[in-house]
Amino acid sequence: MSAEANKLLVIDGHSMAFRAFYALPPESFQTTSGQYTNAVHGFTNMLLKLIREELPTHIVLAFDLDTPTFRHQSYEEYKGGRAKTPEEFRGQIDLIKKVAEALTIPAVTVEGYEADDIVATYVTRAEAAGWETLIVSGDRDALQLVTENTKLMYPTSGISKVTVLDPAAVEAKYLVPPAKYPDLAALVGESADNLPGVPKVGPKTAAKWIAQYGSTREIINNAAEIGGKVGENLRAAVADVERNLELNLLVRDLEVPLDLEDAVLTPPDREAVEPLFDALEFNQIRDRLFEVFAARFPEADLSAEPTGALPQVTVASSAAELTDFLADHDDAPLALALCLDRSGESLSTKAKRDEAARLAEALAVVLVPAYESPDEAVQALAVPLVEADAELESALAAWLTEPGLPKLVHDYKDAGKRLAWRGLSLRGVVEDTLISGYLIQPDRRNFAFADLVTQHLGASTEPGDYVGGEQFRKKNDDGGQGTLFDEEPIPGVIEEDLARAGVHGMLLHSLSSTLHAELAERKAEQLLYELEIPLAEILLQMELTGIAVSREKLQNLDTEFQRTIEESAEAAYAVVGHPVNLGSPKQLQTVLFEELQLPTQGVKKNKTGYSTDVETLQDLLAKTQNEFLVHLMNHRDASKLRQTVTGLTEAVGDDGRIHTTYAQTVAATGRLSSLHPNLQNIPVRTAAGRKIRDAFTVGEGYETLLTADYSQIEMRIMAHLSGDQALIEAFRAGEDLHSFVGARVFGVGTDEVSAEQRSKVKAMSYGLVYGLSSFGLSKQLNIGVDEARELMNEYFERFGAVRDYLRDVVSQAKKDGYTATIYGRRRYLPDLTSDNRQLRQMAERAALNAPIQGSAADIIKRAMIDVDAALAQSQLKSRMLLQVHDELVLEVAPGEREQVEKLLVEKMSSAADLTVPLDVHVGAGSTWHDAAH
DNA sequence: CAGCAAACGTA
DNA sequence: CGTACGTTTGCTGG
């Protein structure tokens with residue numbers, strides 16, 4: 001590289017770290033261990049952006065030290081009066097230095113000097129060598145360094161907006177050429193450094209004097225001839241100005257520990273980047289980092305050291321090849337990976353890509369045996385699912401469906417579904433690393449295979465990172481993966497896909513054993529083998545089966561709700577005199593609180609201003625009787641319902657049924673969640689909402705829908721876990737729980753409890769499960785805090801063991817670091833010991849709730865497995881369709897109703913052995929609405 | 001076009 | 001200042 005092409009980037013690390021810190025909210029950038037990373041994040045991003053856009057050949061980061069500098073020694077108050085460094089900033093400078101180290105960018109410090117002096121020294125050397133330089137600093141002292149070859153990037157607000165200053169720009173902005181900036185600053189003073197200047201002299205006066213006399217030294221020499229008040233002030237402040245002059249001037253000839261030439265930019269140290277970015281939980285930045293450096297150093301190899309040999313994937317072309325392969329591996333577990341159709345990956349929006357990914361077809365199954373040694377290429381076999389001969393297909397089907405032949409997968413339900421679309425059934429799954437990963441860290445949201453592999457094995461899932469896979473390495477000029485087609489043994493599957501599936505399968509074996517060691521330590525193996533994996537099989541069937549809906553009923557509802565929407569909108573517009581988007585909280589704020597002048601007193605606020613949620617609207621209605629509010633709320637209700645109807649209509653499959661997907665690894669408590677569409681939040685509370693449930697119907701060939709739900713399961717678990725005798729007695733007596741509790745709390749007979757009293761204790765009982773406070777209760781019940789506290793005291797007086805339990809569960813969780821359900825499902829809550837009060841209290845409420853909500857989830861999961869087994873045992877054709885946390889919906893085959901009902905009640909009630917009975921209510925009907933009871 | 005905030009449906 | 005979720009809409013900022 002020729003000298004002319006050299007470009008130095010020199011960054012004042014401290015000042016930019018501070019800018020980054022104030023530009024990004026610390027609370028949004030925290031690792032699970034509580035370390036704030038907002039400054040690190042912003043700084044790293046900025047650094048990458050500079051490398052990408054400015055193309056420097058050399059980079060230096062300059063940092064201050066904590067020790068005093070020569071400036072402090074000559075002026076004690078130097079930088080005095082600065083606010084204390086915020087708590088959240090602590091440790092972030094060290095992390096930034098670690099990032100620099102991983103990127104092999106030098107971080108330079110010099111004892112007794114500031115970062116600015118280091119910057120000045122490198123700039124001076126670069127100038128001498130004829131290099132171009134870009135300074136990045138938020139400190140104005142750096143202005144003096146600007147020349148034609150040396151520009152300054154100065155952040156104007158935060159770190160996203162920057163100005164690049166050349167000499168002309170400096171002069172335009174500060175009225176003096178760069179070299180004279182110290183003269184100007186000496187006269188004006190610098191409040192950030194606690195350096196007072198001449199009173200009443202601002203940049204304009206100072207610039208005028210400098211133009212007249214040439215320098216501040218000359219101004220002082222001629223101070224006598226300057227008239228007026230400012231002249232007097234100047235003469236009085238000569239000592240200050242002289243001191244400023246001395247302190248402002250940057251040192252340009254420091255002894256620095258690193259030569260300019262040695263600051264050359266080189267590719268990052270991947271071995272250092274990976275663990276550091278793991279710890280910082282920077283995943284997106286990591287990707288961007290490697291992209292930026294790959295673009296910068298196309299020839300360099302940024303990939304990790306190969307961790308083993310790439311599996312050799314052979315494509316089976318005959319049944320014999322498959323049967324031989326299976327015979328070779330006897331009955332040992334084989335990992336299973338699918339090659340999917342990737343043609344949807346280039347769709348324009350994320351929503352479309354996600355949709356395509358969900359529906360992508362399986363093109364091949366790759367079977368991978370456990371490897372003996374990582375250095376020896378494992379022999380894997382790919383079986384095409386398209387254009388394969390019938391014999392091969394049936395040989396594969398036989399292996400897949402045999403429960404006695406063990407398979408390892410990541411996301412069994414997903415693989416099972418894609419295979420089912422091809423008419424294949426997958427059984428005998430002994431490991432699903434998705435679920436294992438979840439059981440270990442239930443509050444993590446993303447269990448992508450590659451992430452689990454990185455985290456638990458520290459390995460790569462990229463074929464290019466394995467010996468023998470060099471041809472798959474992504475080169476910068478990329479685009480040419482198509483060139484890797486040798487031939488196309490399986491339509492739509494390129495060589496790289498096969499290699500990827502091979503690596504995936506190979507890693508499944510190692511990930512499985514690593515996760516199992518963890519599971520064993522947590523005593524969670526039973527949960528995996530006896531609960532979650534069997535449940536996954538059932539969920540898969542439920543998802544494939546779906547639930548029938550009446551398109552006609554949905555269509556009618558859509559029309560009905562649409563009419564309400566239009567009518568209420570018209571009526572609302574009439575009140576305000578013009579149309580508004582009633583779905584825009586922002587526009588509503590304007591209409592409600594500016595145009596209609598509704599009282600804002602006591603109105604809840606959110607980040608964007610006054611809230612417009614139902615609660616607020618109802619309060620406003622009570623106060624003002626403004627009928628706009630009525631129309632708005634009608635509009636809201638109808639829009640929400642129509643939105644649900646639309647979503648359902650779009651989700652109806654060709655078979656006239658809706659197939660939801662259950663997420664088994666999302667809810668941190670152990671519950672399921674439902675998506676695409678969500679069938680766990682279909683309205684039920686209002687009459688209009690219930691009409692939607694009426695569109696869910698029994699399918700053809702079946703007699704009726706059956707719903708079965710646990711009655712008050714969470715309170716029963718509370719009774720069981722707390723051992724509260726009064727509560728246990730209530731459930732054993734089979735009395736109405738809330739009347740029973742109300743009678744005790746209010747000291748009246750069970751049948752004398754008023755409706756109001758009953759609803760109060762009901763809210764209270766449910767609230768306790770969520771960690772309700774007296775404040776929250778008072779708000780919920782619209783009563784005073786005192787009355788709420790009174791109510792709580794009275795409650796705990798009668799049900800003392802409940803209070804003891806709630807207290808103990810939190811303190812135990814603090815001690816252990818986790819809560820546990822009755823089946824031993826753990827939830828880790830590191831925030832229980834956080835210094836941040838809000839985080840800590842949130843964790844405390846989660847600790848109260850997790851054992852209860854989680855135990856209820858365990859119980860219904862157990863029940864589902866037992867019900868499914870009992871249905872099979874009795875050879876019944878009836879089937880489970882939906883689970884809604886404490887409710888199951890089944891489709892009953894003709895003539896089976898009585899038997900199924902009996903079996904349901906029996907299996908659900910006996911799913912757990914509690915000190916209180918588990919009551920189950922059953923209802924039947926031709927629609928979901930009618931089956932409710 | 002991606003991602004956030006607000007709102008609201010369920011247990 | 002009550003837990004656990006998913007989806008849609010409007011809007012901002014890249």
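So that the names make sense, note that chain A is the first sequence line, chain B the second, and so on, each numbered from 1. Values in this document were obtained by computation on a predicted structure and should not be read as measured data.
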**Q.** Within 6.0 Å of NZ in A/Lys604, more than 12 heavy atoms from elsewhere
**A.**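 Yes.
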Nearest to the [X] side chain among [options], which nucleotide is it?
| X | options | value |
| --- | --- | --- |
| A/Asn681 | B/dG3, C/dA4, C/dG6 | C/dG6 |
| A/Pro683 | B/dT10, B/dA5, B/dA2 | B/dT10 |
| A/Gln643 | C/dT7, B/dA6, B/dT10 | C/dT7 |
| A/Asn849 | C/dA4, C/dC1, C/dG6 | C/dA4 |
| A/Arg693 | B/dA7, B/dT10, C/dG6 | B/dT10 |
| A/Ser348 | C/dT3, B/dC1, C/dA4 | B/dC1 |
| A/Arg685 | B/dA7, C/dG10, B/dA11 | B/dA11 |
| A/Val884 | B/dA6, C/dG6, B/dA11 | B/dA11 |
| A/Val666 | B/dG9, C/dG6, B/dG3 | C/dG6 |
| A/Val684 | B/dT10, B/dA7, C/dT3 | B/dT10 |

Is [X] touching bases, backbone alone, or none of the nucleic acid, heavy atoms closer than 4.0 Å?
| X | value |
| --- | --- |
| A/Ile682 | sugar-phosphate |
| A/Thr608 | sugar-phosphate |
| A/Lys586 | sugar-phosphate |
| A/Thr644 | nothing |
| A/Gln587 | sugar-phosphate |
| A/Gly776 | sugar-phosphate |
| A/Ala668 | sugar-phosphate |
| A/Arg827 | sugar-phosphate |
| A/Ser774 | nothing |
| A/Thr646 | nothing |
| A/Arg642 | nothing |

Q: Give me the ring orientation class for A/Trp928 and A/Phe696: parallel if the planes are under 30° apart, tilted from 30 to 60°, perpendicular past 60°.
A: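 Plane angle over 60°, so perpendicular.
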Salt-bridge criterion met for [X] and [Y] (N-O under 4.0 Å):
| X | Y | value |
| --- | --- | --- |
| A/Arg671 | A/Glu714 | yes |
| A/Lys760 | A/Glu794 | no |
| A/Lys417 | A/Asp414 | no |

Q) CG/A/Leu620 to CG/A/Leu629 distance, rounded to the nearest 0.5 angstrom? A)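 Atom-to-atom, A/Leu620:CG and A/Leu629:CG are 5.5 Å apart.
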Q: Give a yes or no on whether the ring-centroid distance for A/Tyr770 and A/Tyr766 is below 6.0 angstrom.
A: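 Here the rings of A/Tyr766 and A/Tyr770 have centres that are no less than 6.0 Å from each other.
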Has [X] got a side-chain N or O lying under 4.0 Å from the OP1 or OP2 atom of [N]?
| X | N | value |
| --- | --- | --- |
| A/Ser584 | C/dC11 | yes |
| A/Lys640 | C/dT9 | no |
| A/Ser673 | C/dG6 | yes |
| A/Ser674 | C/dC5 | no |
| A/Thr612 | B/dA7 | yes |
| A/Lys350 | B/dA2 | no |

Q: Starting from the 5' end of DNA chain C, give me the residue, A/Pro677 or A/Arg671, whose nearest nucleotide shows up first.
A: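 It is A/Arg671, whose closest nucleotide lies nearer the 5' terminus.
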